[in-house]
Each structure stands twice: as structure tokens, then as C-alpha cells.
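The structure appears right after this line, and notes come after that.
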Amino acid sequence: MAESAQAPELVYLVTGGCGFLGEHVVRMLLEREPRLRELRIFDLHLSPWLEELKTGTVQVTAIQGDVTQAQEVKAAVAGAHVVIHTAGLVDVFGRASPETIHKVNVWGTKNVIEACVQTGTQFLVYTSSMEVVGPNIKGHPFYRGNEDTPYEAVHKHPYPCSKALAERLVLEANGKKVRGGLPLVTCALRPTGIYGEGHQIMRDFYRQGLRLGGRLFRAIPASVEHGRVYVGNVAWMHVLVARELEQRAALLGGQVYFCYDKSPYKSYEDFNMEFLGPCGLRLVGTRPLLPYWLLVLLAALNALLQWLLRPLLLYAPLLNPYTLAVANTTFTVSTNKAQRHFGYEPLFSWEESRTRTILWVQAMEGSAQ
Ligand SMILES: NC(=O)C1=CN([C@@H]2O[C@H](COP(=O)(O)OP(=O)(O)OC[C@H]3O[C@@H](n4cnc5c(N)ncnc54)[C@H](O)[C@@H]3O)[C@@H](O)[C@H]2O)C=CC1
Ligand SMILES: CC(C)CCC[C@@H](C)[C@H]1CC[C@H]2[C@@H]3[C@H](O)CC4=CC(=O)CC[C@]4(C)[C@H]3CC[C@]12C
């Protein structure tokens with residue numbers, strides 16, 4: 001993949017390319033990867049906006065497929081130079097079964113690795129998550145940690161368990177010989193909580209606030225800091241690391257990188273108010289309105305109701321014991337590893353990330369503006 005002024009020659013595949021992050025990766029590649037000849041977008045559900053991308057100079061190939069189906073993955077990977085594997089089942093609310101989460105996130109990743117090996121694709125970037133580290137079930141804080149900070153990573157919930165297993169598979173595959181005899185070069189990016197245009201949970205909070213007459217009620221102390229990163233910067237990091245994997249294979253291969261930018265350290269709710277505030281919502285209370293023990297009880301009640309109602313309907317509220325524990329445990333990163341290893345600098349400043357997100361919320365149907 002040497003830099004050249006020749007005609008674009010590279011074929012990229014983005015799995016999960018129609019998801020929240022995947023869409024940003026796809027658009028970023030089209031904007032900022034001049035060596036791209038073909039961009040393959042592989043997803044279980046193809047989005048209508050893909051059509052508008054097909055009018056440009058890069059060949060955009062939409063592939064409806066399932067990462068759990070080895071043959072579908074292999075067919076999509078064959079001939080690609082780089083795979084960016086963002087597809088995953090992001091579920092911490094109990095919507096999907098633990099088996100399904102494992103199947104999509106772990107087997108799906110296995111299939112992607114195997115497809116690279118069998119077809120001769122040499123470069124694989126995996127979207128991991130901060131959740132492979134923590135917060136752990138003991139609620140230990142991870143304060144301004146980096147990739148080398150010791151932390152007792154103990155997982156129970158299917159989602160972080162699956163991401164941790166998948167990440168391990170990706171890292172262990174680094175150096176494996178692919179078809180043709182060259183070594184596979186892999187790395188994993190670990191975003192903290194991603195925000196920005198298209199963020200479903202932000203949308204849910206906004207709609208809930210509108211239903212409650214423009215108010216949200218504080219549930220988590222303002223002192224609990226939660227790491228957040230803008231989706232455009234996460235996408236940029238994927239594009240950049242994918243570009244550098246060949247040139248710096250020895251340094252980047254088998255490595256993990258937290259995704260970071262200049263977004264401020266705040267509690268989950270206070271951070272959301274950076275966007276929802278200018279859109280007309282108010283966060284009521286300087287302290288949590290309910291005592292923590294009551295939230296724990298409500299979360300447990302929600303879990304019980306989910307279990308009892310499962311034969312009849314899907315009850316999956318935002319509050320459950322796991323989400324409460326994550327939201328209530330400080331987890332922030334402070335690192336420059338991506339800058340040192342592959343020259344990453346955030347593409348979007350905090351101000352720009354904030355403005356873009358606010359404009360997106362304001363444009364939402366039923367907006368208070
Ligand atoms: N949203 C967040 O805050 C964070 C997300 N991540 C990771 O980033 C990745 C993308 O997450 P989001 O964009 O937030 O989720 P998303 O749900 O918006 O996107 C995931 C995409 O994967 C596709 N997909 C799911 N199952 C599939 C299957 N069996 N075969 C093919 N495609 C399938 C979905 O259709 C969707 O388009 C995931 O791997 C997630 O674990 C990591 C850290 C934070
Ligand atoms: C009402 C509750 C007290 C608070 C609800 C907020 C929660 C829904 C969210 C708080 C923290 C979020 C998670 C965090 O950002 C880390 C994540 C990383 C991922 O890889 C996937 C998403 C998530 C688990 C994210 C999910 C929502 C929260 C639990």
C-alpha cells in the first residue's frame with residue numbers, strides 16, 4: 001500500500017457500515033482516503049443513504065450479509081486489502097439473548113479473521129470497546145487511565161464478555177499467515193462512550209426529556225466522570241490506523257488503542273446536557289433526586305420485570321443493574337498512544353464536535369426548538 005500518485009487501487013471493507021459508527025467510518029473513508037478504489041459496506045440491514053454514495057468516483061458496493069455466516073463474510077472479504085470490522089451487537093439492555101450477543105460479536109469476529117486468512121487479506125482493524133477493560137463489576141474507578149494502566153478487568157455481562165473475547169481473538173491473530181504467505185496485521189481500537197450525530201441513546205434521552213416537559217432528573221452524582229469521544233474522531237482514528245497498518249506493521253500489529261479526543265470529563269448526564277441543554281432541556285437537581293439504594297432497587301426490579309415479562313413482551317428500559325453500575329463508576333482515559341504510534345490528532349475540536357451534535361439534535365423530529 002505504498003503512497004503513490006497512481007490511480008486509486010485499494011479495496012476496503014467496512015462491516016457494520018450502516019451502523020452509528022460504521023456510517024461515519026464509511027463517509028470518512030470516502031472523504032479522506034484518496035487511494036480508495038472500491039468501498040464495500042457489509043451489514044445485516046442496508047440503509048437507504050447508501051444510494052447517494054454510489055454517484056461518486058469510488059465504487060461503493062453494498063453487501064447485505066450476516067457476520068455469523070462464514071461463507072457470506074468470506075465472499076465479502078475476498079479481494080479486500082483492508083477490513084474495518086465495526087459490526088457488532090451493542091446491547092446492555094437485555095434486548096438480545098447472551099447467546100446471540102456471543103454469536104454476533106465473537107463468532108462473527110472469528111469469521112472475519114478466518115476470511116482474512118483464507119482469502120489473503122492482510123490488514124484488519126477491529127472496533128473493540130472501553131468495556132473490555134471496565135468498569136468492572138466491583139465498581140473500581142479507572143481515572144485518566146491509559147492502555148498500560150493496571151486494572152482488574154472482571155466481566156459478567158454478555159456484552160463486555162463478548163467484546164473482550166473478540167478483541168483477544170483479533171490480537172492473537174496478528175502475525176498469522178494469510179493466503180499467499182504474508183502475515184496478518186491486526187489492531188483493536190477501544191472507544192469510550194461514543195456520541196455525535198446518529199447516537200440512539202442521546203435520541204432516547206432527548207425524547208424522554210420532551211415527554212417530561214423539557215426536564216430530565218439527575219440520577220448520577222456529578223462527580224462520577226465518564227469517558228466520551230466524538231464519533232467523527234473515532235471514525236478518523238479508524239481511517240488513520242488502517243492507512244498506517246502496512247507502513248508501521250511491526251509497531252501497530254497486535255496493539256490496542258483507546259479512542260480519545262478533547263471532549264471534557266463529566267458525568268454521563270452532565271455531558272449529555274452539553275447538547276440537550278442548548279436544545280431546550282434542563283437537568284433538574286444538583287444532586288441525584290433518588291438515593292442510590294433506591295436506584296439499585298429500581299434497577300433490580302426492572303431486571304426482574306424483564307425476566308417475568310419475557311414470554312409476553314420485551315421490557316428493556318435504560319435502567320438495569322449493569323447500566324447503573326457503568327453510569328455510576330468513574331471511567332476516563334488519558335493517553336497519547338495513538339498519537340505516538342500513528343500520528344493521530346483529533347480531526348474535530350470539542351467545540352466543533354459539540355456544535356455538530358447540537359445541530360443534529362435540533363434537527364430531530366419533534367424538536368423543542
Ligand atoms: N456506541 C458506543 O458507545 C460504542 C460502540 N462500540 C463498538 O462500536 C461498534 C459499532 O457500534 P455502534 O455503531 O454504536 O452500533 P450500531 O448498532 O449502530 O452498529 C452496529 C452495526 O452492525 C450491524 N450488525 C449487527 N449484527 C450484525 C450481523 N450479524 N452481521 C452484520 N452486521 C451486523 C448492525 O446492523 C449495525 O449497522 C460495535 O462493535 C460496538 O461494540 C465501542 C465502544 C462504544
Ligand atoms: C438511567 C441510568 C442511571 C443511566 C443510563 C445511562 C446508560 C444507559 C449509559 C451510561 C454509560 C453507557 C455505556 C458506556 O458509554 C460504555 C459503552 C460502551 C460500549 O461499547 C457500548 C455502549 C456502552 C455500554 C454505553 C451504554 C449506555 C450506558 C450504560
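On a predicted model such as this, the values are computed, not experimentally measured, just so you know. Read the numbers this way: they start at 1 and go in the same order the structure lists the ligands and their atoms.
Using a 4.0 Å cut-off between heavy atoms, Val104 contacts ligand 1 through its side chain alone, with no backbone atom that close. Residue contacts with ligand 2 for Ile201 involve side-chain atoms from C-beta outward but no N, CA, C or O (heavy atoms, distance under 4.0 Å). Contacts of Tyr159 with ligand 2, taken as heavy-atom pairs under 4.0 Å, involve the side chain alone. At a heavy-atom cutoff of 4.0 Å, ligand 1 is contacted by the side chain of Tyr159 but not by its backbone. If you look at Val90 next to ligand 1, the close heavy atoms, those under 4.0 Å, all belong to the side chain. Here Lys163 has side-chain heavy atoms under 4.0 Å from ligand 1, and that is the only part of it that gets that close. By the criterion of a heavy-atom distance under 4.0 Å, neither the backbone nor the side chain of Glu269 is placed next to ligand 2.
A ring-centre distance under 6.0 Å is not found for His81 and Phe123. Ring to ring, His226 and Phe271 are not that close: their centroids are 6.0 angstrom or more apart. Checked against the 6.0 Å centroid threshold, Tyr159 and Tyr322 do not count as a close aromatic pair.
At the shortest separation from atom 18 (C) of ligand 2 among protein heavy atoms lies Glu131 CG, 3.5 Å. The nearest heavy-atom contact from the protein to atom 15 (O) of ligand 2 is His226 NE2, 3.0 Å. Looking at atom 44 (C) of ligand 1, its nearest protein heavy atom turns out to be Thr192 O, 3.4 Å. In terms of protein heavy atoms, atom 23 (C) of ligand 1 is closest to Asp43 OD1, 3.4 Å. Residue, atom and distance of the protein heavy atom nearest to atom 2 (C) of ligand 2 are Leu319 CD1, 4.1 Å. Among all non-hydrogen protein atoms, the one lying nearest atom 13 (O) of ligand 1 is Leu21 N, 2.8 Å. The single protein non-hydrogen atom nearest to atom 32 (N) of ligand 1 is Leu44 N, 3.3 Å, given as residue, atom name and distance. For atom 4 (C) of ligand 2, the nearest non-hydrogen atom of the protein is Ala327 CB, 4.0 Å. Among all non-hydrogen protein atoms, the one lying nearest atom 38 (C) of ligand 1 is Thr86 O, 3.3 Å. The closest protein non-hydrogen atom to atom 13 (C) of ligand 2 is Val326 CG1, 4.0 Å.
The one candidate from Tyr265, Phe258, Tyr260 that meets the side-chain contact (heavy atoms from CB on, under 4.5 Å) condition with Ser334 is Tyr265. Between Tyr230 and the choices Arg354, His24, Glu352, Glu197, the side chain to side chain donor-acceptor pair (under 3.5 Å) rule is met once, by Glu197.
With Tyr12 as the aromatic partner, Arg35 does not meet the cation-pi criteria of under 6.0 angstrom to the ring centre and within 45 degrees of the ring axis.
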Pairs under 3.5 angstrom only: tabulate donor-acceptor contacts from the side chains of residues 279-286 to other protein residues two or more places apart or in another chain.
none

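Applying the 4.0 Å criterion to heavy atoms of Val92 picks out, from ligand 2, the atoms 24 (C), 26 (C). Taking a cut-off of under 4.0 Å to the non-hydrogen atoms of Gly193, the atoms of ligand 2 that pass are 15 (O). Which parts of ligand 2 touch Ser129 is read off a 4.0 Å heavy-atom cut-off, strictly below it: atoms 18 (C), 19 (C), 20 (O).
In this model, no donor atom of one side chain and acceptor atom of the other lie less than 3.5 Å apart for Gln208 and Asp204. Judged by distance alone, the side chains of Asn302 and Tyr315 do bring a donor and an acceptor atom under 3.5 Å apart.
Taking distance alone, with nitrogen or oxygen atoms compared against 3.5 Å, Thr323 stays at or beyond that limit from ligand 2. Polar contact with ligand 1: present for Ile194 (N/O pair, distance under 3.5 Å). When only interatomic distances are considered, the shortest N/O to N/O separation between Phe42 and ligand 1 does not fall below 3.5 Å. For Met130, no nitrogen or oxygen atom sits less than 3.5 Å from a nitrogen or oxygen atom of ligand 1, counting backbone and side chain alike. The shortest N or O to N or O distance between Tyr322 and ligand 2 is not below 3.5 Å. Considering both main-chain and side-chain atoms, Phe20 comes within under 3.5 Å of ligand 1 through a nitrogen or oxygen pair.
Under a 4.0 Å N-O distance rule, the pair Arg27/Glu23 qualifies as a salt bridge.
Ring pair His199/Phe20 is parallel by interplanar angle, where below 30° counts as parallel and above 60° as perpendicular.
Ligand 2 has no atom lying under 4.0 Å from any heavy atom of Lys163. Using a 4.0 Å heavy-atom cutoff, Gly108 is absent from the residues neighbouring ligand 1. No heavy atom of Gly198 sits closer than 4.0 Å to any atom of ligand 1. Residue contact check for ligand 1: Thr127 places a non-hydrogen atom closer than 4.0 Å to it.
Within the set Phe271, Tyr268, Phe93, the minimum heavy-atom distance to atom 12 (C) of ligand 2 is found for Tyr268. With Ala87, Gly16, Gly65, Gly88 as candidates, the residue nearest to atom 25 (C) of ligand 1 on a non-hydrogen basis is Gly88.
The nearest protein heavy atom to atom 23 (C) of ligand 2 is not closer than 4.0 Å. Less than 4.0 angstrom separates atom 6 (C) of ligand 2 from at least one non-hydrogen atom of the protein.
Side-chain atoms of Thr121 come within 3.5 Å of backbone N or O of Ala80 as a donor-acceptor pair.
Residues meeting the salt bridge (Lys or Arg N to Asp or Glu O under 4.0 Å) test with Glu147, sequence neighbours left out: none.
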